[in-house]
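Read the structure below first, then the notes.
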Amino acid sequence: MSKTAIILGATGLTGGILLEKLLADKRYSTIKLFSRSSVEVTSEKIQEFIVDLLQLENHSKDFTGDEVYCCIGTTASKTKDKEKYKKIDYGIPVTAAKLSKQNGIETFVVMSSMGANPDSSVFYNKTKGEMERDVLQQKIKNTFILRPSLIGGNRDEKRIGEKIGKIIMSILNPLFVGALKKYRMIHPEKIASCMKILANKPEKEAIISSDKILLIANTK
């Protein structure tokens, strides 16, 4: 079997790890990367499309394959303009889902976040919830929405508040047991592993909570 995967956000932390995993997997012969900048990784498997992701619909002819992994996301501190924030966190994943449906791609895996709710009074949670709702409305055969808790790992950007949060969460992690496990900080490597596993061995549930992400990732 020879598959083609599409990654949106391969220049990010989780997307970069996912790219490494797909490159090492013999089931994948082609990996299409849609990004604003090059990942600077050399492989015969990689096809890079340096595009404006806010106008992804203009690249429908190239948006073909077997699976789509959407690892797009920003933060309120990085993107203070709410309109632009929504274009990124809502617009890109939903457009990608529409293109996937249009082009007959049957597997769509997207990163959301804990607390996503279209009826939330919190802008961030509301945006993620609306994204989830409208991705699911495309009715792609294998749709998986991952809701990770705080994501660990080291980023290139300086996010002081996030770093402090990670320190606190690393201390509190052992205290989150039972139903509270979903609040534990999770490493991006586990998220990437879960995404690849879901694409190759679909689950019945579309919404994957943070504790289940870890459970699935550890089955490999």
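Hydrophobic clustering, with ILVMFWY side chains joined whenever heavy atoms are under 4.5 angstrom apart, keeps Ile17 apart from Ile197.
Between Gly9 and Cys71, the closest heavy-atom pair is O-CB, 4.2 Å. Between Ile151 and Pro188 the shortest heavy-atom distance is CG2-CD, 3.8 Å. What you find for Ile191 and Ile213 is that their closest heavy atoms are CA-CG2, 3.9 Å. When every heavy atom of Thr64 is checked against every heavy atom of Ser60, the shortest pair comes out as CG2-O, 4.5 Å. When every heavy atom of Ser113 is checked against every heavy atom of Tyr124, the shortest pair comes out as OG-CE2, 3.3 Å. When all heavy atoms of Pro148 and Ser112 are compared, the pair lying nearest together is CD-O, 3.6 Å.
Atom NE2 of His59 is separated from atom NZ of Lys61 by 12.5 Å, given to the nearest 0.5 angstrom. Put simply, OG1 on Thr95 and CG on Asp134 are 10.5 Å apart, with the number rounded to the nearest 0.5 Å. With values rounded to the nearest 0.5 angstrom, Gln55 atom CD is found 11.0 Å from Ile92 atom CD1. How far CG of Leu23 is from NZ of Lys21: 12.0 Å, rounded to the nearest 0.5 Å. Note that CG of Leu22 and OG of Ser43 are 10.5 Å apart. Values are rounded to the nearest 0.5 Å. Note: Asn125 CG to Asp119 CG = 11.5 Å, rounded to the nearest 0.5 Å.
Salt-bridge check for Arg36 with Asp52: failed, with every basic side-chain N at 4.0 Å or more from each acidic carboxylate O. Between Glu132 and Lys128 there is no salt bridge, since no side-chain N of the basic residue sits under 4.0 Å from a carboxylate O of the acidic one. Ion pairing of Glu203 with Lys212 is present here, as a side-chain N (NZ or NE/NH1/NH2) and a carboxylate O approach within less than 4.0 Å.
A donor-acceptor contact closer than 3.5 angstrom links the side chains of Tyr69 and Glu67. Side chain to side chain, Ser210 and Ser149 fail the donor-acceptor criterion of an N or O pair below 3.5 Å. Checking Lys3 against Asn200 by side-chain atom types alone, a donor-acceptor pair falls below 3.5 Å.
With hydrogens and angles disregarded, a donor-acceptor distance shorter than 3.5 Å links the side chain of Lys101 to the backbone of Lys139. Listed for the Thr143 side chain is a donor-acceptor partner under 3.5 Å among the backbone atoms of Ile140. Between the side chain of Lys126 and the backbone N or O of Pro118 there is at least one donor-acceptor pair closer than 3.5 Å. With Asp25 contributing its side chain and Arg27 its backbone, the two residues share a donor-acceptor pair below 3.5 Å. Side chain of Ser120 to backbone of Asn117: no donor-acceptor contact under 3.5 angstrom is found. One N or O on the side chain of Asn218 and one on the backbone of Leu214 form a donor-acceptor pair closer than 3.5 Å.
Between Arg147 and Ile208 there is no side-chain heavy-atom pair separated by less than 4.5 Å. Side-chain contact check for Leu146 versus Val110: every heavy-atom pair is 4.5 Å or farther apart. Residues Leu33 and Val39 are in side-chain contact: their nearest non-hydrogen atoms beyond the backbone lie under 4.5 Å apart. Contact annotation: the side chain of Leu56 approaches that of Leu8 to within less than 4.5 Å [non-hydrogen atoms, C-beta and beyond]. Between Ile46 and Leu19 there is a side-chain heavy-atom pair separated by less than 4.5 Å. Using a 4.5 Å heavy-atom threshold, the side chains of Val109 and Cys70 count as separate. Between Glu189 and Ser193 the shortest side-chain heavy-atom distance falls below 4.5 Å. No side-chain heavy atom of Met111 sits less than 4.5 Å from a side-chain heavy atom of Pro93.
Here Glu20 pairs with nothing under the side chain to side chain donor-acceptor pair (under 3.5 Å) rule; sequence neighbours left out. Partners of Leu215 according to the side chain to side chain contact (heavy atoms under 4.5 Å, CB included) rule, which considers only residues two or more places apart in sequence or in another chain, do not exist here. Take Thr4 and apply the side chain to side chain contact (heavy atoms under 4.5 Å, CB included) test, not counting sequence neighbours, and it matches Thr30, Lys32, Asp66. Evaluation of the side chain to side chain donor-acceptor pair (under 3.5 Å) rule for Ser100 yields no partner, not counting sequence neighbours. For the ring-ring contact (aromatic ring centres under 6.0 Å, His included) test, no residue two or more places apart in sequence or in another chain qualifies with Phe144.
Judged as a ring pair (Phe, Tyr, Trp, His ring centres under 6.0 Å), the pairs with a partner in residues 7-37 (not counting sequence neighbours) are, in order, Phe34-Phe49, Phe34-Phe63.
Of the residues listed (Val51, Thr11, Ile72), the one engaging Ser35 in a side chain to side chain contact (heavy atoms under 4.5 Å, CB included) is Thr11, and it is the only one.
Cation-pi contact between Lys86 and Tyr90: present, with separation from the ring centre below 6.0 Å and deviation from the ring axis of at most 45°.
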Go through the steps to decide whether Ile31 and Gln47 satisfy the test side chain to side chain contact (heavy atoms under 4.5 Å, CB included), and finish with yes or no. CA-CA 6 Å; Ile31 303 168; Gln47 290 182 12; over 6 Å; no

Mind running side chain to side chain contact (heavy atoms under 4.5 Å, CB included) on Leu99 and Val68 for me, showing each step along the way? CA-CA 10 Å; Leu99 288 176; Val68 172; over 6 Å; no

